[in-house]
Visitor: 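A single structure is presented below for examination.
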Amino acid sequence: MRVKKQKRHRKVVRFYSACFGFREPYKVLCDGTFIHHLLHHRLTPADDVISHLLGARALLFTTRCIIGELRSLGQSHSEALEAAQQLITARCDHEKRVGATACVESVIGETNSEHFFVATQDADMRKKFREVPGVPVIYGLRNSLFIEQPSTQQREYAKSTGERRLHMGESEYLKLYKSDLKGMITNDSANGVTEGTQLTRNFGSTKRMLGVAEKSKFKRKGAKGPNPLSCKKKKKKDDTSAPQNQLTLRWLCRRPSFHQLSLPAKRSASLAFTAFVPTCNLRLSSASLVQGKVACIVKESAFLGSSILEHHKSQFNAPVLRTKRESNHSVGVVKAQTTAVAAPGLNQSTVHGKKVLRKGVVVITGASSGLGLAAAKALAETEKWHVVMACRDFLKAEKAAQSAGMAKENYSIMHLDLASLDSVRQFVHGFRQSGRPLDVLVCNAAIYRPTARTPTYTADGYEMSVGVNHLGHFLLANMLLDDLKKSDYPSRRLIILGSITGNTNTLAGNVPPKAGLGDLRGLAGGLDGRNSSAMIDGGAFDGAKAYKDSKICNMLTMQELHRRFHEDTGITFASLYPGCIATTGLFREHIPLFRLLFPPFQKFVTKGFVSEDESGKRLAQVVGDTSLSKSGVYWSWNKNSASFENQLSEEASDAVKAQKLWEISEKMVGLA
Ligand code: NDP
């Protein structure tokens, strides 16, 4: 697969080389989104990764406008900014900063005369460049890089200009004729140059002068070289080139970047080295000798993201070091200063030294109180997450966020009433309009109506508990699945709150009324209390049971999502029981005495009480903790607050029921 992809990429590079005159080292113009992507996915050293992609050395460029734009994005893009500043700056001639897209477009112009590959994550820019002839585009998908296939327009352009490239135009012919004449006059045969070779040489130079693309050199398939078994050993050359006289590199460590270069004796005692490696301008300034070897310590400078020494290991041999005084004294230590003036890139320190992930975006439904609010707070406090609080009461949510002390830049509030499928659709639309990516969705909101004697209904006519807790979330999860798929965040998750009360394999799950979906006849009948029962199993209405039933639906849905989508999308689907949070608003409709006694009962009798803060941290773990990234799991926590994979009851893990529930729910929310 990988080989196939590589072949495809090489083919594209050959296309641009042959048809548009792209030459090595390839120049790659990177915008901020692409640099950010490289860092985010640790695709470093960047030049190595891109060189590998293109099959030849690549030089990375950016522009001042792009750097300016990254600077304006503030802290979240500081690593990308740092990396961008180390790239070669392409000339953009903008006195006042313009947007990255406009800037890249102006550098490329109408013909991409500088033969840049454009590296961007911006879909619009990619689309635009498909229409400009000779602009290959590189982009990343998670931790892989791709080169876009030439568009039909590009291919057609190449085809139409192919004829022109094959034959000379009139003016070209004239120029060639003139230069040939001149060549014949100035270079006579006395120079030992035959007429034939002269003509060929002039033709070549004329071709270069005219900027006509030279035919690309295709690699011939077939034998790659002499049979290694039949190779003779290389003859040793003279003494000076003997291995022991060559500068050898000994790697002390990659970081903090000191390399020891050792050189056999015979060299000077107090060496004042001025070593100059032409391609990377590495200077060694002084040396001293110890024990028959010259050792120089060179501070590494990054060269396009990889060690300069690594890059030029092969070229770094004795001849490039000039000693002022030769001596038989032994070994010394040469402290060398390096000045890497050649193009640097995204070096490893920028990646490994600091964490460079962008803020994750998590949508939490029902984040205006209880568990949702506590989790939103815990996540916002890490400064690594932007929480979208999807709430039905905007003002309540804003007040809650403020009183929880959440910093403004770490959250936003969007309206969502799960009791209306239209509101769900509007929320999804609004969220997409906001332009934020979606990395994690938490279906947390719920209502619990234990004392209700008669059912109430959602805007779409479904019993309220199941309508809000299950059907609203079912539509939301299905609609936002596409957004999760598009996210470039390393770990994308969809979490649906479960509950112990829906699991009849626990003590709490056996407190009547027990949860049970039966054969789903009530749900299949429309759950509207008119044509069918308002209860999923078709029985008489019971507010407490309706809540518990909805929780089974939540847990079944999570598993069905896992079965249907995990393998293809890599999204983690999970559910959890955060513990008994006896103080939340979930019990607001319970009788006052219950509300009074339930928290101390949980604290002192069952000892199962969990504070809102603690439960928030637990949910935050399921959102972002790498150790909880397994999909299809129902998480719980033990008395020491350690998470473990819990067992679901037989009904809550019934795959056949999950599928049936999925199919009925799809119809009810208008997805099928
Ligand atoms: P809360 O009542 O404190 O929070 C529920 C949230 O859901 C509130 O923000 C509420 O909004 C919101 N909500 C209710 N109806 C809608 C609606 N129609 N549209 C949008 N939002 C709505 O309860 P908890 O924090 O305790 O519960 C959170 C989750 O945890 C639930 O899924 C629950 O099943 C689960 N859970 C709770 C346990 C506990 O012991 N508390 C135990 C196990 C699981 P508003 O503020 O406007 O009312």
Side-chain angles (χ1 to χ4, degrees), residues 363-377 387-401 404 413-424 426-427 442-450 456-460 462-473 475-476 495-503 506 508-509 515 544 546-555 557-558 575-590 594-595 598-599 601-603 606 608-616 618-619 622 634-637 646:
V363 169
I364 306 182
T365 65
S368 54
S369 69
L371 173 62
L373 178 61
K377 182 178 177 237
V387 185
V388 177
M389 302 166 74
C391 300
R392 63 176 166 177
D393 186 335
F394 193 91
L395 270 182
K396 181 179 173 184
E398 182 58 55
K399 276 187 196 158
I413 301 169
M414 289 185 68
H415 182 262
L416 168 69
D417 185 352
L418 289 157
S420 155
L421 296 177
D422 264 351
S423 170
V424 174
Q426 271 168 27
F427 171 83
V442 182
C443 298
N444 161 78
I447 53 156
Y448 175 43
R449 311 187 59 236
T456 49
Y457 296 95
T458 65
D460 307 273
Y462 305 130
E463 188 282 319
M464 188 65 83
S465 301
V466 176
V468 170
N469 305 358
H470 167 59
L471 291 172
H473 278 140
L475 177 62
L476 184 72
I495 300 153
I496 310 180
L497 262 291
S499 173
I500 199 170
T501 54
N503 276 301
T506 62
Y547 168 81
K548 293 177 183 179
D549 288 353
S550 74
K551 287 284 128 185
I552 305 188
C553 293
N554 286 158
M555 292 178 281
T557 303
M558 178 278 288
S575 187
L576 68 147
Y577 171 61
C580 181
I581 330 156
T583 49
T584 69
L586 192 68
F587 308 99
R588 72 189 91 177
E589 289 194 30
H590 227 304
F594 177 90
R595 292 210 304 272
F598 191 50
F601 177 75
Q602 288 293 340
K603 251 182 216 167
T606 68
F609 179 86
V610 174
S611 70
E612 289 180 33
D613 269 1
E614 173 58 26
S615 67
R618 290 178 178 182
L619 178 50
V622 186
Y634 168 62
W635 296 104
S636 293
W637 284 258
N646 207 344

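Numbers here simply count residues along the sequence, with the first being 1. Order of listing sets the numbers, starting from 1, for every ligand and every atom in it.
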Visitor: Provide, to 0.1 Å, the distance between atom 39 (C) of ligand 1 and the closest protein heavy atom, together with that atom's residue and name.
Guide: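 Minimum-distance protein heavy atom for atom 39 (C) of ligand 1 reads Ile581 N, 3.6 Å.
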
Visitor: Between Thr365 (side chain) and Asn444 (backbone), is there a donor-acceptor pair under 3.5 Å?
Guide: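 A pair under 3.5 Å: yes.
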
Visitor: Looking only at non-hydrogen atoms, find the nearest pair between Tyr634 and Met555 and report the distance.
Guide: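 Smallest heavy-atom distance, with atoms named: CE1-SD, 3.9 Å.
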
Visitor: Going by heavy-atom distance to atom 28 (C) of ligand 1, choose the closest among Asn444, Asn554, Leu476, Thr458.
Guide: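 Comparing heavy atoms across Asn444, Asn554, Leu476, Thr458, the nearest one to atom 28 (C) of ligand 1 lies in Asn444.
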
Visitor: Do Glu612 and Thr584 get their side chains close enough for a donor-acceptor pair, meaning under 3.5 Å?
Guide: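 Judged by distance alone, the side chains do not pair up.
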
Visitor: Within ligand 1, which atoms have a heavy atom of Asp417 less than 4.0 Å away?
Guide: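 Here the atoms of ligand 1 in question are 17 (C), 18 (N), 19 (N).
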
Visitor: Backbone, side chain, both or neither: what part of Leu416 comes under 4.0 angstrom of ligand 1, heavy atoms only?
Guide: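 Backbone only.
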
Visitor: In ligand 1, which numbered atoms sit nearer than 4.0 Å to a non-hydrogen atom of Lys396?
Guide: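 Near Lys396, the atoms of ligand 1 are 45 (P), 46 (O), 48 (O).
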
Visitor: Go through ligand 1 atom by atom and flag the ones less than 4.0 Å from a non-hydrogen atom of Cys580.
Guide: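 Atoms satisfying the 4.0 Å criterion: 40 (O).
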
Visitor: Would you say the side chain of Val442 lies within less than 4.5 Å of the side chain of Ile496, judging by non-hydrogen atoms?
Guide: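 In short, these two side chains do not touch, never coming nearer than 4.5 Å.
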
Visitor: Identify, by atom number and element, the atoms of ligand 1 in contact range of Leu586, meaning under 4.0 Å from any of its heavy atoms.
Guide: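 This gives 1 (P), 2 (O), 3 (O), 23 (O), 26 (O), 37 (C), 41 (N) as the contact atoms.
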
Visitor: Can you pull out the closest protein heavy atom to atom 19 (N) of ligand 1? Residue, atom name and distance to 0.1 Å, please.
Guide: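 Protein heavy atom with the smallest distance to atom 19 (N) of ligand 1: Leu418 N, 2.9 Å.
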
Visitor: What heavy-atom pair brings Val622 and Trp635 nearest, and what distance separates the two atoms?
Guide: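 Scanning both residues, the minimum pair turns out to be CG1-CD1, 3.9 Å.
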
Visitor: How far is atom 6 (C) of ligand 1 from its nearest protein heavy atom, and which residue and atom is that?
Guide: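 Sorting protein heavy atoms by distance from atom 6 (C) of ligand 1 puts Gly366 O, 3.6 Å first.
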
Visitor: Relative to atom 7 (O) of ligand 1, which among Ala459, Ala374, Ser420, Ala445 owns the nearest non-hydrogen atom?
Guide: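 Minimum heavy-atom distance to atom 7 (O) of ligand 1 goes to Ala445.
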
Visitor: For Leu497, which part has a heavy atom under 4.0 Å from ligand 1: side chain, backbone, both, or neither?
Guide: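 The side chain, only.
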
Visitor: Distance-only, no hydrogens or angles: does the Arg595 side chain make a donor-acceptor pair with backbone N or O of His590 under 3.5 Å?
Guide: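 Answer holds: yes.
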
Visitor: Please confirm whether the backbone N or O of Ser615 pairs with a side-chain atom of Arg618, one donor and one acceptor, at under 3.5 Å?
Guide: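 No; zero donor-acceptor contacts below 3.5 Å.
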
Visitor: So which protein heavy atom does atom 30 (O) of ligand 1 come closest to, and at what separation?
Guide: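 The closest one turns out to be Leu371 CD2, 3.5 Å.
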
Visitor: For ligand 1, which atoms, with element, lie under 4.0 Å from some heavy atom of Gly370?
Guide: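 Matching atoms, with element in brackets: 3 (O), 25 (O).
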
Visitor: So, does Ser423 use its side chain to make a donor-acceptor pair with the main chain of Asp417 at under 3.5 Å?
Guide: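 Yes: the side chain of Ser423 pairs with the backbone of Asp417.
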
Visitor: Quick check on contacts: which atoms of ligand 1 are under 4.0 angstrom from a heavy atom of Lys551?
Guide: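 It comes down to these atoms of ligand 1: 31 (C), 32 (O), 33 (C), 34 (O).
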
Visitor: Look only at interatomic distance and state if Ala582 has a nitrogen or oxygen under 3.5 Å from any nitrogen or oxygen of ligand 1.
Guide: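 In fact, backbone or side chain, Ala582 has no N or O that close.
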
Visitor: Check if Gly579 has a non-hydrogen atom at a distance under 4.0 Å from any atom of ligand 1.
Guide: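 It does, in that a heavy atom of Gly579 comes within the 4.0 Å cut-off of ligand 1.
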
Visitor: Does Arg392 have any salt bridge (charged side-chain N to carboxylate O under 4.0 Å, His left out) partners at least two apart in sequence or in another chain, and if so, which?
Guide: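 Listed in chain order: nothing, the list is empty.
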
Visitor: Could you verify whether a donor N or O on one side chain and an acceptor N or O on the other, from Tyr577 and Asn503, lie under 3.5 Å apart?
Guide: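 Judged by distance alone, the side chains do not pair up.
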
Visitor: Do me a favour and list the nearest non-hydrogen protein atom to atom 26 (O) of ligand 1 with residue, atom name and distance?
Guide: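 Looking at atom 26 (O) of ligand 1, the protein heavy atom closest to it is Thr584 OG1, 2.6 Å.
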
Visitor: Enumerate the atoms of ligand 1 whose separation from the nearest heavy atom of Tyr577 is less than 4.0 angstrom.
Guide: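 What qualifies from ligand 1 is 42 (C), 43 (C).
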
Visitor: Between Ala390 and ligand 1, is there a nitrogen or oxygen pair with a distance under 3.5 Å?
Guide: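 Checking ligand 1 against Ala390, no N or O pair falls under 3.5 Å apart.
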
Visitor: Taking the non-hydrogen atoms of Cys391, is any one of them nearer than 4.0 angstrom to ligand 1?
Guide: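 Heavy atoms of Cys391 never come under 4.0 Å of ligand 1.
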
Visitor: What protein heavy atom is closest to atom 8 (C) of ligand 1, reported as residue, atom name and distance in Å?
Guide: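 Of every protein heavy atom, Ser369 OG, 3.4 Å lies nearest to atom 8 (C) of ligand 1.
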
Visitor: Among protein heavy atoms, which sits nearest to atom 10 (C) of ligand 1, and what does the distance come to when rounded to 0.1 Å?
Guide: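 Looking only at protein heavy atoms, the one closest to atom 10 (C) of ligand 1 is Arg588 NH2, 4.0 Å.
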
Visitor: Classify the contact between Ile447 and ligand 1 as side chain, backbone, both or neither, using a heavy-atom distance cut-off of under 4.0 Å.
Guide: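 The part of Ile447 near ligand 1 is the side chain, not the backbone.
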
Visitor: Does at least one non-hydrogen atom of Tyr547 fall below 4.0 angstrom from an atom of ligand 1?
Guide: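 Yes, Tyr547 has heavy atoms under 4.0 Å from ligand 1.
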
Visitor: Can you tell me if Glu612 contacts ligand 1 (heavy atom of the residue under 4.0 Å from the ligand)?
Guide: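 It does not; every heavy atom stays at 4.0 Å or beyond.
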
Visitor: Which ligand 1 atoms are under 4.0 Å away from a heavy-atom of Gly585?
Guide: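 That gives atoms 2 (O), 3 (O) of ligand 1.
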
Visitor: Atom CZ of Phe427 and atom CG of Leu421: how far apart are they, to the nearest 0.5 Å?
Guide: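 Here the interatomic distance stands at 14.5 Å.
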
Visitor: Could you tell me whether a side-chain N or O of Glu463 sits under 3.5 Å from a main-chain N or O of Ser465, the two making a donor and an acceptor?
Guide: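 Present.
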
Visitor: Nearest protein heavy atom to atom 11 (O) of ligand 1, by residue and atom, and its distance?
Guide: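 Result for atom 11 (O) of ligand 1: Ser368 OG, 3.4 Å.
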
Visitor: Once side chain to side chain contact (heavy atoms under 4.5 Å, CB included) is applied, do any residues pair with Ala446, and if so which ones, sequence neighbours excluded?
Guide: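 Here the qualifying residues are Asn469, Tyr547, Lys551, Leu586.
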
Visitor: Check whether any side-chain N or O of Asp393 sits under 3.5 Å from a backbone N or O of Leu395 as a donor-acceptor pair, and report yes or no.
Guide: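 At least one qualifying donor-acceptor pair exists.
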
Visitor: Taking the six-membered ring for Trp, are Phe594 and Phe587 parallel (under 30°), tilted (30 to 60°) or perpendicular (over 60°)?
Guide: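 Judged by the thresholds at 30° and 60°, the geometry between Phe594 and Phe587 is tilted.
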
Visitor: Assess whether side-chain contact (heavy atoms from CB on, under 4.5 Å) is satisfied between Tyr457 and Met464, documenting all intermediate values.
Guide: CA-CA 5 Å; Tyr457 296 95; Met464 188 65 83; 6.0 Å; no

